[in-house]
**Q** 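One structure coming up, written as structure tokens, with questions to follow.
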There are 2 protein chains.
Amino acid sequence: MTQPMHSMPAVDQVSDDTLRRLAGYNLKRAFNVIHADLGEVLAPLDLRMLTFSALTLIADNNGLTQTQLAEALAIKRPNLVVIVDELEGRGLILRNPVPNDRRAHALSATLPGRRLRDRALAAVLAHEARILAVLDPQERLALEQALIRIRGTA
Amino acid sequence: MTQPMHSMPAVDQVSDDTLRRLAGYNLKRAFNVIHADLGEVLAPLDLRMLTFSALTLIADNNGLTQTQLAEALAIKRPNLVVIVDELEGRGLILRNPVPNDRRAHALSATLPGRRLRDRALAAVLAHEARILAVLDPQERLALEQALIRIRGTA
DNA sequence: GAATAACTATTATGATGAATAACAATTGTC
DNA sequence: GACAATTGTTATTCATCATAATAGTTATTC
């Protein structure tokens with residue numbers, strides 16, 4: 001294996017020109033900015049991006065099962081269990097029995113759960129407006145269209 | 001705490017209309033698609049997104065320090081150590097001494113490192129072309145501009 | 001109708017990404 | 001020379017996401 005033989009001066013400025021040409025890189029960096037800000041927005045409500053998404057999907061789809069929720073969140077069922085546990089433990093959702101299938105749980109949001117979701121959604125919308133203020137309406141639409149196109153059917 | 005009192009029918013189709021209105025949600029889903037595909041592309045080269053980015057930045061910025069690299073990757077210095085350890089252990093990069101500062105390491109890519117980077121970059125560019133095939137050139141430019149704008153100075 | 005297959009939620013476990021705290025060695029400053 | 005700041009490092013923690021294996025239940029098939 002090659003060894004460092006001689007000393008070497010440090011570089012003055014770091015260039016990421018190569019990576020900047022990659023959509024994946026730009027996507028990740030933009031997402032980091034949004035994620036960091038969103039984290040601060042949701043923290044006072046004791047929610048994270050994932051728990052907010054889960055709570056919203058449950059409130060909007062009363063009676064969906066955990067398998068359906070995991071599918072909608074694009075995560076595996078085992079990883080959903082702790083999330084549902086947490087939301088249920090805080091009294092925000094319920095695991096209801098399903099009439100003809102004693103394996104499944106029909107998830108539903110409680111009144112406190114729906115109230116928290118409403119407050120969180122308002123906060124998230126304000127956060128989005130703030131983040132997207134650097135884009136005009138036309139650019140926002142173009143961004144949304146492109147992202148949805150990339151996501152495709154997945 | 002409220003208890004589930006009665007059974008409840010499951011829902012037929014799950015709607016994520018609320019979340020789809022959020023740029024952060026669309027961004028994450030699009031990133032997931034790219035990340036999954038990129039993982040498969042880089043796996044044969046024994047690279048991940050992060051190690052590829054690190055190797056590229058080192059090859060493009062000969063002599064940068066770990067602090068500079070961590071800054072460029074937007075990660076904390078402690079998390080960079082294992083990445084540099086791995087790349088160095090595989091003989092792809094070197095930790096060279098810096099003339100006037102015996103604390104710092106000037107990172108540089110070895111010949112095998114530069115060769116692997118070139119192969120990886122070609123694979124990544126092919127992957128990007130495939131993923132972005134759903135967008136016309138105008139849409140790609142709009143996406144890039146919007147993402148860079150959101151990222152801002154961060 | 002009994003054996004078998006498939007599905008639901010769960011537990012256990014591991015890999016990865018990313019954060020903070022604490023530290024030793026070194027360098028810079030007053 | 002004392003003190004502060006910087007560099008890389010270790011240890012630790014948390015969040016996210018994946019797989020394998022399991023118990024209980026439902027569906028299928030012979």
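Reminder, nothing fancy here: chain letters follow the sequence lines and each chain counts from 1.
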**Q** For the pair B:Glu86 and B:Arg90, find out whether any cationic side-chain nitrogen is under 4.0 Å from an anionic carboxylate oxygen.
**A**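 Salt bridge present between B:Glu86 and B:Arg90.
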**Q** Side-chain contact, heavy-atom cut-off 4.5 Å: B:Thr51 with B:Asp46?
**A**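 Not in contact.
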**Q** Both B:Ala104 and B:Lys28 contact DNA chain D. Taking the nearest nucleotide for each, which residue is further toward the 5' end?
**A**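 It is B:Ala104, whose closest nucleotide lies nearer the 5' terminus.
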**Q** Scan for side-chain hydrogen bond (donor to acceptor under 3.5 Å, both in side chains) pairs involving residues 127-136 of chain B, sequence neighbours excluded, and state none if there are none.
**A**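 Residue pairs passing side-chain hydrogen bond (donor to acceptor under 3.5 Å, both in side chains), neighbours aside: B:Asp37-B:His127, B:Asp37-B:Arg130.
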**Q** To the nearest angstrom, how far is A:Ile83 atom CD1 from D:dA15 atom P?
**A**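 After rounding, the gap between these two atoms is 11 Å.
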**Q** Any salt bridge linking A:Arg151 with B:Asp16? Criterion: basic side-chain nitrogen under 4.0 Å from a carboxylate oxygen.
**A**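 Yes, A:Arg151 and B:Asp16 are salt-bridged.
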**Q** Tell me if a side-chain donor or acceptor on A:Thr110 pairs with a main-chain N or O of A:Gly91 at a distance below 3.5 Å.
**A** yes
**Q** Tell me: CG of A:Leu107 to C1' of C:dT8, nearest whole Å?
**A**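 So the two atoms are 12 Å apart, to the nearest Å.
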**Q** Whole-Å distance between D:dA15 P and A:Ile75 CD1?
**A**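 Rounded to the whole Å, the gap is 14 Å.
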**Q** Rounding to an integer number of Å, can you tell me how far B:Leu80 CG sits from D:dT9 C1'?
**A**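 To the nearest whole Å, that distance equals 11 Å.
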**Q** Just how far, in rounded Å, is C1' of D:dG8 from CG of B:Leu64?
**A**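 The answer, rounded to whole Å, is 14 Å.
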**Q** With a 4.5 Å cut-off on side-chain heavy atoms, are A:Leu107 and A:Leu94 touching?
**A** no
**Q** Let me spell it out: for each of A:His105 and A:Asn32, pick the nucleotide of DNA chain C with the closest heavy atom. Which residue's pick is nearer the 5' end?
**A**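 In this pair, the answer is A:His105.
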**Q** Only pairs with both distances under 3.5 Å count, Watson-Crick or wobble alike; so what is the partner of C:dC7 in this structure?
**A** D:dG24
**Q** How does protein reach along nucleotides 19-29 of chain D, written 5' to 3' as B (base within reach of a heavy atom under 4.0 Å), S (only sugar-phosphate), or - (no contact)?
**A** BB---BBS---
**Q** Calculate the interatomic distance between A:Glu71 atom CD and D:dC17 atom P; express it in whole Å.
**A** 14 Å
**Q** Between A:Arg77 (CZ) and C:dC7 (C1'), how many Å, whole number?
**A**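 Taking CZ of A:Arg77 and C1' of C:dC7, I get 8 Å after rounding.
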**Q** Can you tell me which residue pairs pass the salt bridge (Lys or Arg N to Asp or Glu O under 4.0 Å) test with a partner in residues 99-114 of chain B, sequence neighbours excluded?
**A**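 Listed once each, the pairs are B:Asp101-B:Arg103.
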**Q** Is the phosphate of C:dT8, meaning OP1 or OP2, less than 4.0 Å from a side-chain N or O of A:Thr65?
**A** no
**Q** Give the rounded distance in Å between these two atoms: NE2 of B:His35 and P of C:dT16.
**A** 11 Å
**Q** Contact list please: residues 46-61 of chain A against DNA chain C, heavy atoms, distance less than 4.0 Å, in numerical order.
**A**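 None, since no heavy atom is under 4.0 Å.
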**Q** At a cut-off of 3.5 Å, list every protein nitrogen or oxygen paired with a nitrogen or oxygen from nucleotides 3-5 of chain C, distance to 0.1 Å.
**A**
none

**Q** What nucleotide, of C:dT10, C:dA18, D:dT7, holds the atom closest to the side chain of A:Gln66?
**A** C:dT10
**Q** Which residue pairs satisfy the salt bridge (Lys or Arg N to Asp or Glu O under 4.0 Å) criterion with at least one member in residues 51-72 of chain B, sequence neighbours excluded?
**A**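 Sorted result for residues 51-72 of chain B: B:Asp60-B:Arg117.
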**Q** Taking atom types as modelled, is there a side-chain donor on A:Ser108 or A:Asn96 under 3.5 Å from an acceptor on the other?
**A** yes
**Q** Please determine whether a side-chain nitrogen of the Lys or Arg among B:Glu144 and A:Arg20 lies less than 4.0 Å from a carboxylate oxygen of the Asp or Glu.
**A** no
**Q** In Å, rounded to the nearest 0.5 Å, how long is the span from CG of A:Leu116 to CG of A:Leu92?
**A**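 Nearest 0.5 Å value for the CG-CG distance: 5.5 Å.
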**Q** Any donor-acceptor pair under 3.5 Å linking the side chain of B:Thr56 with the backbone of B:Phe52?
**A** yes
